[in-house]
Number of protein chains: 2
Amino acid sequence: MKIIPEIIQKLNEAGLKITPQRVAVMQTLMRLRSHPTAEELFAEVSRTIPGLSPTTIYNTLDTFVDKGLVKRVKTDMDVMRYDAITEHHHHLYCAISDRMEDYFDPELDQMLSEYFTRKKIEGFNVTDIRLQLMGDFENKPK
Amino acid sequence: MKIIPEIIQKLNEAGLKITPQRVAVMQTLMRLRSHPTAEELFAEVSRTIPGLSPTTIYNTLDTFVDKGLVKRVKTDMDVMRYDAITEHHHHLYCAISDRMEDYFDPELDQMLSEYFTRKKIEGFNVTDIRLQLMGDFENKPK
DNA sequence: ATCCAGATTGTATTTATTACAAACAAGGTT
DNA sequence: AACCTTGTTTGTAATAAATACAATCTGGAT
């Protein structure tokens, strides 16, 4: 796993101390691309860091969100989820299976960006556009 | 408030019994266009129906969602919210003030619909497109 | 007027998250 | 390298949102 230096750099840039807990949480979040919940992260990170406290997961995630290293994601159905990918992207979501995947589409972003440059919304200043594409996945998860 | 007959018709069409609780919940949800939480609804509906149980709010909302009379809405920040408007629409959301408003834009819907007809997503069948427009409201709530 | 499936209530639980104080450790300073 | 300060982690306890469930009640069909 050679991504650790990259994680350390991220944490440093955010002005955060490098702790095993933070590195492990970020690493797990980057590895699991499934938008895990705090609970799932706790279970997974606990394997590496035995004495881990659930509170640390919440603290760590809150800190990461504060610093913009991680984003919160919420569906209509369940609890808060977290996403280490901070580049602009959208989500595919199937309510039946509660499965969520990332969706990148620069062409779409371009089109939307142009659209909202042209069409102003009265009294509202758009800073970010997020799509949730609802539907069904045709195949099983990888 | 002359929308009650309309509510009764809705409930009937959904095969639900007409109870004061259901009528009041739906009425309140239609009047408050603020995507209230279950708690907010409980507080508001309690004024009309004194002995109301919070459980009834949850039951009623679940039933309404089941029947498609109401939609769940979730933000990144807080608990579940509910929306009586089931016509297709999007949301304007300001994370700082936690304020959310509806946004209707048939032209946008048209454009997106055309886009996803043309551009298929591998392994995913889109049934609904929801935008969350993040940003700031320039004026106070009405 | 009667009846029963479905609705409501209230209590008890569960689950997700936060508050807080004590113990600890990262990393700059000497 | 030992020290110190500040930020971090831990654990317990509290809060809040939502659900389960059994008992009671009621809408509306007959």
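The chains referred to below are lettered A, B, ... by the order of the sequence lines, with proteins before strands, and numbering in each begins at 1.
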Dump every N/O contact between nucleotides 20-23 of chain C and the protein below 3.5 Å, one line per pair.
none

Can you tabulate the close N/O pairs, meaning under 3.5 Å, that link protein atoms to atoms of nucleotides 26-30 of chain C?
unit_1: C/dA26; atom_1: N3; unit_2: A/K17; atom_2: NZ; d: 3.3
unit_1: C/dG27; atom_1: OP1; unit_2: A/I18; atom_2: N; d: 2.7

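- Shown here are the side chain to side chain contact (heavy atoms under 4.5 Å, CB included) partners of B/F42, two or more places apart in sequence or in another chain: B/S46, B/L52, B/P54, B/I57.
- Applying the side chain to side chain contact (heavy atoms under 4.5 Å, CB included) criterion to B/A14, with sequence neighbours excluded, gives B/L16, B/K67, B/L69.
- The distance between atom CD of B/E40 and atom P of D/dA18, rounded to the nearest whole Å, is 11 Å.
- Remark: P of D/dG27 and CD1 of B/I8 are 12 Å apart, rounded to the nearest angstrom.
- Between A/Y58 and C/dT18, a side-chain N or O to OP1/OP2 separation shorter than 4.0 Å is absent.
- Of the candidate nucleotides D/dT9, D/dT10, C/dT9, D/dT9 has the atom lying nearest to any side-chain atom of A/R22.
- For A/T60 and A/P54, each mapped to the nucleotide of DNA chain D holding its nearest heavy atom, the one lying further toward the 5' end belongs to A/T60.
- The nearest whole Å value for the distance from the CD1 atom in A/I57 to the P atom in D/dG11 is 13 Å.
- Between the P atom of D/dA18 and the CG atom of B/L41 lies a distance of 11 Å, rounded to the nearest Å.
- If you take CG of B/D62 and P of D/dA17, they are 16 Å apart, rounded to a whole angstrom.
- As rounded to whole Å, 12 Å separates atom C1' of D/dT19 from atom CZ of B/R72.
- In terms of the ring-ring contact (aromatic ring centres under 6.0 Å, His included) criterion, residue partners of A/F104 (sequence neighbours excluded) are, by chain and number, A/H89.
- Rounded to a whole Å, the CG atom of B/L11 is 16 Å from the P atom of C/dG6.
- Checked against side chain to side chain contact (heavy atoms under 4.5 Å, CB included), B/T48 has no partners two or more places apart in sequence or in another chain.
- Residue A/Q21 places none of its side-chain N or O atoms closer than 4.0 Å to OP1 or OP2 of C/dA25.
- Atom-to-atom distance recorded for B/I4:CD1 and B/Q9:CD is 14.0 Å, nearest 0.5 angstrom.
- Scored by the side-chain hydrogen bond (donor to acceptor under 3.5 Å, both in side chains) test, A/D128 finds A/H88, A/R130 as partners (sequence neighbours excluded).
- Donor-acceptor pairing under 3.5 Å is lacking for the side chains of A/D102 and A/H90.
- Note on residues 45-57 of chain B: pairs passing salt bridge (Lys or Arg N to Asp or Glu O under 4.0 Å), not counting sequence neighbours, are B/E44-B/R47.
- Atom pair B/E39:CD and D/dA18:P shows a separation of 8 Å (rounding to whole Å applied).
- Screening residues 114-124 of chain A for salt bridge (Lys or Arg N to Asp or Glu O under 4.0 Å) gives A/R118-B/E107, A/K119-B/D105, A/K119-B/E107 as the qualifying pairs, with residues at least two apart or on separate chains.
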